[in-house]
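Notes for the one structure printed next.
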Number of protein chains: 2
Amino acid sequence: MTIKEVGEKYGISSDTLRYYERIGMIPPVERTESGIRNYTEKDLSWIELVLCMRNAGLPIEAIIEYVKLFKMGDKTFEARLNLLTEQREALIEQKKKIDIMLERLNYKIARYEIAVETGKLTWDAEDCKK
Amino acid sequence: MTIKEVGEKYGISSDTLRYYERIGMIPPVERTESGIRNYTEKDLSWIELVLCMRNAGLPIEAIIEYVKLFKMGDKTFEARLNLLTEQREALIEQKKKIDIMLERLNYKIARYEIAVETGKLTWDAEDCKK
DNA sequence: ATATACCTTGGAGTTAACTCTAAGTCAATA
DNA sequence: TATTGACTTAGAGTTAACTCCAAGGTATAT
(Lines give C-alpha, C1' and ligand atoms only; values in the text may rest on other atoms or scores of the structure.)
Protein backbone atom coordinates (compact mmCIF):
# COMPACT_ATOMS: atom_id res chain seq x y z
CA MET A 1 0.00 0.00 0.00
CA THR A 2 1.39 3.40 -0.93
CA ILE A 3 1.71 6.33 1.43
CA LYS A 4 -1.08 8.16 -0.34
CA GLU A 5 -3.50 5.23 -0.03
CA VAL A 6 -2.69 4.85 3.65
CA GLY A 7 -3.21 8.56 4.21
CA GLU A 8 -6.57 8.45 2.49
CA LYS A 9 -7.61 5.33 4.42
CA TYR A 10 -6.96 7.00 7.76
CA GLY A 11 -7.61 10.62 6.89
CA ILE A 12 -4.09 11.86 7.51
CA SER A 13 -1.56 13.43 5.14
CA SER A 14 1.47 11.73 3.60
CA ASP A 15 3.56 14.35 5.37
CA THR A 16 2.20 13.26 8.73
CA LEU A 17 2.86 9.61 7.91
CA ARG A 18 6.48 10.37 7.00
CA TYR A 19 6.79 12.51 10.11
CA TYR A 20 5.49 9.73 12.36
CA GLU A 21 8.01 7.32 10.89
CA ARG A 22 10.89 9.79 11.04
CA ILE A 23 10.45 10.47 14.75
CA GLY A 24 10.02 6.79 15.59
CA MET A 25 6.32 6.80 16.33
CA ILE A 26 5.91 3.83 14.04
CA PRO A 27 8.64 1.31 13.12
CA PRO A 28 10.39 1.91 9.76
CA VAL A 29 8.26 0.97 6.77
CA GLU A 30 9.68 -1.39 4.11
CA ARG A 31 10.55 0.09 0.69
CA THR A 32 10.46 -1.13 -2.89
CA GLU A 33 13.80 -1.38 -4.74
CA SER A 34 13.30 2.19 -5.87
CA GLY A 35 12.95 3.35 -2.28
CA ILE A 36 9.20 3.87 -2.16
CA ARG A 37 7.32 3.01 1.05
CA ASN A 38 5.19 -0.11 0.82
CA TYR A 39 2.93 -0.35 3.87
CA THR A 40 2.08 -3.87 5.11
CA GLU A 41 -0.77 -4.98 7.36
CA LYS A 42 1.62 -4.78 10.27
CA ASP A 43 2.40 -1.16 9.46
CA LEU A 44 -1.29 -0.39 9.25
CA SER A 45 -1.82 -1.93 12.68
CA TRP A 46 0.80 0.38 14.11
CA ILE A 47 -0.74 3.38 12.42
CA GLU A 48 -4.15 2.47 13.78
CA LEU A 49 -2.79 2.17 17.28
CA VAL A 50 -0.90 5.44 16.97
CA LEU A 51 -3.95 7.30 15.67
CA CYS A 52 -6.07 5.92 18.47
CA MET A 53 -3.50 7.14 20.99
CA ARG A 54 -3.27 10.56 19.35
CA ASN A 55 -7.05 10.88 19.18
CA ALA A 56 -7.21 10.25 22.90
CA GLY A 57 -4.65 13.01 23.35
CA LEU A 58 -1.72 10.89 24.51
CA PRO A 59 1.61 12.61 23.86
CA ILE A 60 3.77 11.55 20.94
CA GLU A 61 6.64 11.11 23.41
CA ALA A 62 4.88 8.21 25.15
CA ILE A 63 4.13 6.54 21.85
CA ILE A 64 7.76 6.82 20.73
CA GLU A 65 8.89 5.33 24.03
CA TYR A 66 6.49 2.42 23.60
CA VAL A 67 7.77 1.70 20.08
CA LYS A 68 11.34 1.86 21.38
CA LEU A 69 10.59 -0.67 24.13
CA PHE A 70 8.75 -2.87 21.66
CA LYS A 71 11.80 -2.96 19.39
CA MET A 72 14.00 -3.96 22.32
CA GLY A 73 12.09 -7.21 22.65
CA ASP A 74 10.81 -9.50 25.39
CA LYS A 75 12.85 -8.10 28.26
CA THR A 76 10.83 -4.86 28.18
CA PHE A 77 7.45 -6.35 29.11
CA GLU A 78 7.46 -4.74 32.53
CA ALA A 79 8.55 -1.34 31.21
CA ARG A 80 5.81 -1.49 28.59
CA LEU A 81 3.28 -2.44 31.25
CA ASN A 82 4.34 0.52 33.36
CA LEU A 83 4.16 2.90 30.43
CA LEU A 84 0.69 1.75 29.45
CA THR A 85 -0.53 1.88 33.03
CA GLU A 86 0.72 5.47 33.38
CA GLN A 87 -1.00 6.48 30.17
CA ARG A 88 -4.21 4.84 31.35
CA GLU A 89 -4.02 6.89 34.55
CA ALA A 90 -3.51 10.06 32.51
CA LEU A 91 -6.58 9.30 30.40
CA ILE A 92 -8.72 8.60 33.46
CA GLU A 93 -7.61 11.95 34.90
CA GLN A 94 -8.39 13.72 31.64
CA LYS A 95 -11.83 12.16 31.58
CA LYS A 96 -12.49 13.51 35.07
CA LYS A 97 -11.53 17.01 33.98
CA ILE A 98 -13.85 16.77 31.00
CA ASP A 99 -16.68 15.61 33.25
CA ILE A 100 -16.17 18.60 35.54
CA MET A 101 -16.38 20.96 32.58
CA LEU A 102 -19.36 19.11 31.12
CA GLU A 103 -21.28 19.61 34.33
CA ARG A 104 -20.49 23.28 34.23
CA LEU A 105 -21.48 23.49 30.58
CA ASN A 106 -24.78 21.73 31.24
CA TYR A 107 -25.54 24.28 33.93
CA LYS A 108 -24.61 27.26 31.78
CA ILE A 109 -26.43 25.93 28.72
CA ALA A 110 -29.61 25.43 30.74
CA ARG A 111 -29.42 29.04 31.91
CA TYR A 112 -28.82 30.35 28.41
CA GLU A 113 -31.71 28.33 27.03
CA ILE A 114 -33.96 30.17 29.45
CA ALA A 115 -32.22 33.46 28.67
CA VAL A 116 -32.85 33.06 24.94
CA GLU A 117 -36.54 32.40 25.72
CA THR A 118 -37.08 35.20 28.22
CA GLY A 119 -34.45 37.71 27.14
CA LYS A 120 -33.04 37.70 30.67
CA LEU A 121 -30.18 35.71 32.12
CA THR A 122 -31.04 34.53 35.64
CA TRP A 123 -28.55 36.19 37.93
CA ASP A 124 -25.47 34.14 38.70
CA ALA A 125 -22.54 36.23 39.91
CA GLU A 126 -22.16 37.88 36.51
CA ASP A 127 -22.17 34.62 34.57
CA CYS A 128 -18.80 33.53 35.88
CA LYS A 129 -19.42 31.57 39.05
CA LYS A 130 -20.14 27.86 39.23
CA MET B 1 -5.30 40.29 45.24
CA THR B 2 -1.93 40.55 43.47
CA ILE B 3 -0.97 38.60 40.39
CA LYS B 4 1.45 36.48 42.39
CA GLU B 5 -1.18 35.50 44.95
CA VAL B 6 -3.64 34.59 42.22
CA GLY B 7 -0.99 32.53 40.45
CA GLU B 8 -0.20 30.66 43.65
CA LYS B 9 -3.89 30.11 44.42
CA TYR B 10 -4.50 28.45 41.06
CA GLY B 11 -1.10 26.95 40.37
CA ILE B 12 -0.33 29.03 37.29
CA SER B 13 2.41 31.56 36.63
CA SER B 14 2.07 35.35 36.61
CA ASP B 15 3.20 35.22 33.01
CA THR B 16 0.29 32.99 32.11
CA LEU B 17 -2.14 35.28 33.92
CA ARG B 18 -0.85 38.32 32.02
CA TYR B 19 -0.97 36.30 28.80
CA TYR B 20 -4.59 35.27 29.36
CA GLU B 21 -5.55 38.89 29.94
CA ARG B 22 -3.52 40.17 26.99
CA ILE B 23 -5.20 37.86 24.48
CA GLY B 24 -8.68 38.53 25.89
CA MET B 25 -9.24 35.19 27.58
CA ILE B 26 -10.30 37.06 30.70
CA PRO B 27 -11.69 40.61 30.82
CA PRO B 28 -9.14 43.35 31.72
CA VAL B 29 -8.21 43.38 35.40
CA GLU B 30 -8.51 46.64 37.39
CA ARG B 31 -5.27 48.35 38.44
CA THR B 32 -4.15 50.42 41.43
CA GLU B 33 -3.17 54.08 40.77
CA SER B 34 0.38 52.87 40.22
CA GLY B 35 -0.79 50.49 37.51
CA ILE B 36 -0.55 47.22 39.42
CA ARG B 37 -3.20 44.54 38.83
CA ASN B 38 -5.67 44.11 41.66
CA TYR B 39 -7.75 40.97 41.11
CA THR B 40 -11.33 41.04 42.40
CA GLU B 41 -13.67 38.13 43.13
CA LYS B 42 -15.16 38.61 39.68
CA ASP B 43 -11.73 38.27 38.09
CA LEU B 44 -11.11 35.09 40.08
CA SER B 45 -14.42 33.66 38.85
CA TRP B 46 -13.31 34.23 35.28
CA ILE B 47 -9.94 32.65 35.94
CA GLU B 48 -11.60 29.62 37.50
CA LEU B 49 -13.87 29.20 34.51
CA VAL B 50 -11.00 29.62 32.09
CA LEU B 51 -8.83 27.09 33.91
CA CYS B 52 -11.68 24.61 33.96
CA MET B 53 -12.10 25.04 30.21
CA ARG B 54 -8.37 24.71 29.58
CA ASN B 55 -8.15 21.62 31.79
CA ALA B 56 -10.87 20.01 29.75
CA GLY B 57 -8.82 20.81 26.63
CA LEU B 58 -11.12 23.42 25.11
CA PRO B 59 -9.24 25.74 22.75
CA ILE B 60 -8.28 29.23 23.88
CA GLU B 61 -10.00 30.55 20.75
CA ALA B 62 -13.42 29.44 21.98
CA ILE B 63 -12.83 30.99 25.38
CA ILE B 64 -11.81 34.31 23.82
CA GLU B 65 -14.93 34.25 21.66
CA TYR B 66 -17.10 33.61 24.71
CA VAL B 67 -15.55 36.54 26.60
CA LYS B 68 -16.07 38.75 23.54
CA LEU B 69 -19.76 37.83 23.35
CA PHE B 70 -20.12 38.33 27.08
CA LYS B 71 -18.72 41.87 26.79
CA MET B 72 -21.21 42.64 24.01
CA GLY B 73 -24.08 42.16 26.44
CA ASP B 74 -27.59 40.74 26.45
CA LYS B 75 -28.09 40.54 22.70
CA THR B 76 -25.51 37.71 22.47
CA PHE B 77 -27.38 35.13 24.55
CA GLU B 78 -28.12 32.96 21.57
CA ALA B 79 -24.59 33.18 20.21
CA ARG B 80 -23.23 32.24 23.64
CA LEU B 81 -25.67 29.34 23.85
CA ASN B 82 -24.51 28.10 20.45
CA LEU B 83 -20.86 28.41 21.39
CA LEU B 84 -21.33 26.52 24.65
CA THR B 85 -23.37 23.82 22.93
CA GLU B 86 -20.67 23.33 20.32
CA GLN B 87 -18.01 23.05 22.99
CA ARG B 88 -20.14 20.52 24.87
CA GLU B 89 -20.39 18.44 21.71
CA ALA B 90 -16.61 18.60 21.29
CA LEU B 91 -16.07 17.40 24.85
CA ILE B 92 -18.52 14.53 24.43
CA GLU B 93 -16.64 13.51 21.28
CA GLN B 94 -13.32 13.71 23.07
CA LYS B 95 -14.64 11.55 25.87
CA LYS B 96 -15.65 8.92 23.34
CA LYS B 97 -12.16 8.87 21.88
CA ILE B 98 -10.66 8.49 25.32
CA ASP B 99 -13.02 5.60 26.05
CA ILE B 100 -11.97 3.83 22.87
CA MET B 101 -8.32 4.15 23.85
CA LEU B 102 -9.05 3.12 27.45
CA GLU B 103 -10.62 -0.10 26.24
CA ARG B 104 -7.58 -0.78 24.13
CA LEU B 105 -5.28 0.01 27.03
CA ASN B 106 -7.20 -2.27 29.37
CA TYR B 107 -6.80 -5.09 26.89
CA LYS B 108 -3.09 -4.47 26.36
CA ILE B 109 -2.39 -4.02 30.07
CA ALA B 110 -4.11 -7.32 30.86
CA ARG B 111 -1.89 -9.06 28.30
CA TYR B 112 1.26 -7.46 29.65
CA GLU B 113 0.37 -8.39 33.21
CA ILE B 114 0.33 -12.01 32.11
CA ALA B 115 3.48 -11.47 30.06
CA VAL B 116 5.37 -10.11 33.07
CA GLU B 117 4.25 -13.20 35.06
CA THR B 118 4.97 -15.82 32.44
CA GLY B 119 7.72 -14.15 30.44
CA LYS B 120 5.68 -14.66 27.28
CA LEU B 121 3.30 -12.29 25.53
CA THR B 122 0.24 -14.14 24.26
CA TRP B 123 0.28 -13.82 20.52
CA ASP B 124 -1.70 -10.93 19.11
CA ALA B 125 -0.65 -9.93 15.59
CA GLU B 126 2.70 -8.68 16.87
CA ASP B 127 1.21 -6.58 19.64
CA CYS B 128 -0.32 -4.04 17.30
CA LYS B 129 -3.80 -5.27 16.46
CA LYS B 130 -6.93 -4.61 18.46
C1' DA C 1 18.04 56.02 51.44
C1' DT C 2 19.06 51.85 49.60
C1' DA C 3 18.40 47.00 49.04
C1' DT C 4 15.19 43.52 47.97
C1' DA C 5 11.34 41.66 46.09
C1' DC C 6 7.71 42.60 43.65
C1' DC C 7 5.29 44.80 39.70
C1' DT C 8 4.86 46.80 34.65
C1' DT C 9 5.20 46.43 29.23
C1' DG C 10 6.60 44.92 24.69
C1' DG C 11 8.56 41.65 22.43
C1' DA C 12 11.41 37.51 21.72
C1' DG C 13 12.01 32.46 22.56
C1' DT C 14 10.24 27.63 23.30
C1' DT C 15 7.79 23.18 22.64
C1' DA C 16 4.73 19.96 20.47
C1' DA C 17 2.90 18.50 16.50
C1' DC C 18 2.56 19.07 12.40
C1' DT C 19 2.95 21.21 7.42
C1' DC C 20 5.31 22.89 3.60
C1' DT C 21 9.23 23.63 0.25
C1' DA C 22 13.02 22.55 -2.71
C1' DA C 23 15.43 19.61 -5.39
C1' DG C 24 15.47 15.57 -7.25
C1' DT C 25 13.82 10.28 -8.59
C1' DC C 26 10.51 7.08 -10.59
C1' DA C 27 6.38 5.09 -13.14
C1' DA C 28 2.69 5.41 -16.25
C1' DT C 29 0.50 7.65 -20.03
C1' DA C 30 -0.13 10.49 -24.64
C1' DT D 1 10.02 10.40 -25.45
C1' DA D 2 8.15 13.95 -23.01
C1' DT D 3 5.10 15.17 -19.59
C1' DT D 4 2.38 14.33 -15.60
C1' DG D 5 1.84 12.96 -11.08
C1' DA D 6 3.45 10.53 -7.11
C1' DC D 7 7.30 9.47 -4.65
C1' DT D 8 11.97 10.59 -2.00
C1' DT D 9 14.93 13.46 1.58
C1' DA D 10 16.50 17.27 4.41
C1' DG D 11 15.29 21.04 6.32
C1' DA D 12 12.47 25.28 6.95
C1' DG D 13 7.95 27.28 8.35
C1' DT D 14 3.57 27.34 11.10
C1' DT D 15 0.29 27.34 15.02
C1' DA D 16 -1.16 27.07 19.76
C1' DA D 17 -0.08 27.97 24.14
C1' DC D 18 2.77 29.37 26.81
C1' DT D 19 7.43 31.16 28.89
C1' DC D 20 11.14 34.15 29.28
C1' DC D 21 13.74 38.57 28.96
C1' DA D 22 15.07 43.47 29.19
C1' DA D 23 14.32 47.75 30.92
C1' DG D 24 12.26 50.06 34.05
C1' DG D 25 8.61 51.43 38.04
C1' DT D 26 6.86 50.41 43.05
C1' DA D 27 6.66 49.15 47.97
C1' DT D 28 8.53 47.90 52.21
C1' DA D 29 12.19 46.74 55.56
C1' DT D 30 16.46 48.22 57.57
Side-chain angles (χ1 to χ4, degrees), chain A residues 1-40 43 46-47 49-68 86-87 90-91 94 97 101, chain B residues 1-40 43 46-47 49-68 86-87 90-91 94 97 101:
Chain A
M1 221 172 175
T2 69
I3 198 166
K4 192 165 186 243
E5 285 162 352
V6 175
E8 273 159 11
K9 183 168 161 68
Y10 293 109
I12 53 172
S13 71
S14 303
D15 272 316
T16 301
L17 279 166
R18 281 190 215 99
Y19 169 70
Y20 281 177
E21 187 179 342
R22 176 167 50 178
I23 64 173
M25 223 159 106
I26 53 173
V29 174
E30 295 289 313
R31 316 302 177 93
T32 64
E33 305 91 70
S34 48
I36 288 168
R37 284 173 183 80
N38 185 23
Y39 289 82
T40 65
D43 295 319
W46 273 106
I47 290 163
L49 174 63
V50 156
L51 290 179
C52 186
M53 293 172 101
R54 289 298 301 129
N55 278 334
L58 292 181
I60 276 185
E61 252 316 301
I63 309 175
I64 292 172
E65 182 65 19
Y66 181 73
V67 173
K68 243 184 225 160
E86 266 170 40
Q87 298 310 313
L91 286 189
Q94 189 53 28
K97 287 174 181 171
M101 189 63 218
Chain B
M1 222 172 174
T2 70
I3 198 166
K4 190 163 186 245
E5 286 162 351
V6 175
E8 273 159 12
K9 184 168 161 69
Y10 293 109
I12 54 173
S13 71
S14 303
D15 271 316
T16 301
L17 279 167
R18 280 189 217 99
Y19 169 70
Y20 282 175
E21 187 179 342
R22 177 166 50 180
I23 64 172
M25 223 159 105
I26 53 173
V29 174
E30 295 288 315
R31 313 304 175 93
T32 64
E33 306 93 68
S34 48
I36 287 168
R37 284 173 183 81
N38 185 23
Y39 289 82
T40 64
D43 295 319
W46 273 106
I47 290 164
L49 174 63
V50 156
L51 289 180
C52 186
M53 292 172 101
R54 289 298 301 127
N55 278 334
L58 292 181
I60 275 184
E61 253 316 302
I63 310 176
I64 292 173
E65 182 65 19
Y66 181 73
V67 173
K68 243 184 225 159
E86 265 171 41
Q87 296 310 313
L91 285 189
Q94 189 52 27
K97 286 174 182 171
M101 189 63 218

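Since the model is a prediction, treat every value here as computed from it, not as a measurement. Letters A, B, ... mirror the listed sequences (proteins, then strands); counts begin at 1.
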Next on the checklist: Tell me the interatomic distance from B:Met1, atom CE, to C:dC6, atom P, rounded to whole angstroms.
Outcome noted: 15 Å
Checklist entry - Between A:Arg22 and A:Ser34, which has a closest nucleotide on DNA chain D that is more 5'? => result A:Ser34
Checklist entry - Rounded to the nearest Å, what distance is computed from the CD1 atom of residue A:Ile60 to the P atom of nucleotide C:dT19? => result 10 Å
Checklist entry - Could you state the CG-P distance from B:Asp15 to C:dA12, rounded to the nearest angstrom? => result 16 Å
Checklist entry - Are B:Arg37 and B:Tyr39 close enough, and set up right, to give a side-chain contact (heavy atoms from CB on, under 4.5 Å), and what steps lead you there? => result CA-CA 6 Å; B:Arg37 284 173 183 81; B:Tyr39 289 82; 3.5 Å; yes
Item to check | Side chain to side chain, B:Tyr20 and B:Ile47, heavy atoms closer than 4.5 Å | outcome: no
Checklist entry - How long is the line joining OH of B:Tyr19 and P of C:dG10, in whole Å? => result 16 Å
Checklist entry - Can you check whether B:Arg18 has a side-chain N or O nearer than 4.0 Å to OP1 or OP2 of C:dT8? => result yes
Checklist entry - Which part of the nucleic acid, if any, lies within reach of A:Thr2 when heavy atoms closer than 4.0 Å are counted: base, sugar-phosphate only, or nothing? => result sugar-phosphate
Checklist entry - Side-chain contact, heavy-atom cut-off 4.5 Å: B:Leu49 with A:Met101? => result yes
Listing, residues 51-59 of chain B side-chain donor-acceptor contacts under 3.5 Å, not counting sequence neighbours, or none:
from	atom 1	to	atom 2	distance (Å)
B:Arg54	NH1	B:Leu58	O	2.7
B:Asn55	ND2	B:Leu51	O	3.2

Next on the checklist: Can you give me the first and the last nucleotide of DNA chain D (5' to 3') that has an atom within less than 4.0 angstrom of a non-hydrogen atom in chain A?
Outcome noted: D:dA6 to D:dG11
Name the atoms and distances for all side-chain donor-acceptor pairs under 3.5 Å in residues 23-36 of chain A, with sequence neighbours left out.
from	atom 1	to	atom 2	distance (Å)
A:Arg31	NE	A:Val29	O	3.1
A:Arg31	NH1	A:Gly35	O	3.4
A:Arg31	NH2	A:Glu21	OE2	3.2
A:Thr32	OG1	A:Ser34	N	3.4
A:Thr32	OG1	A:Ser34	OG	3.1
A:Thr32	OG1	A:Ile36	N	3.2

Next on the checklist: Both B:Asn38 and A:Thr32 contact DNA chain C. Which one's nearest nucleotide lies toward the 5' end?
Outcome noted: B:Asn38
Checklist entry - Roughly, in whole Å, what's the span from OH in B:Tyr39 to C1' in C:dC6? => result 14 Å
Checklist entry - Taking atom P of C:dC7 as reference, at what distance in whole Å does atom CG of B:Leu17 sit? => result 10 Å
Checklist entry - Separation of A:Leu51 atom CG from C:dC18 atom P, in whole Å? => result 9 Å
Item to check | Any A:Arg54 side-chain nitrogen or oxygen under 4.0 Å from OP1 or OP2 of C:dC18 | outcome: yes
Next on the checklist: Categorize A:Ile3 for me: base, sugar-phosphate, or nothing, with a 4.0 angstrom heavy-atom threshold over every strand shown.
Outcome noted: sugar-phosphate
Item to check | 4.5 Å side-chain heavy-atom contact, A:Trp46 and A:Ile63 | outcome: no
Checklist entry - Does the pair B:Glu8/B:Lys4 count as a salt bridge with the N-to-O cut at 4.0 Å? => result yes
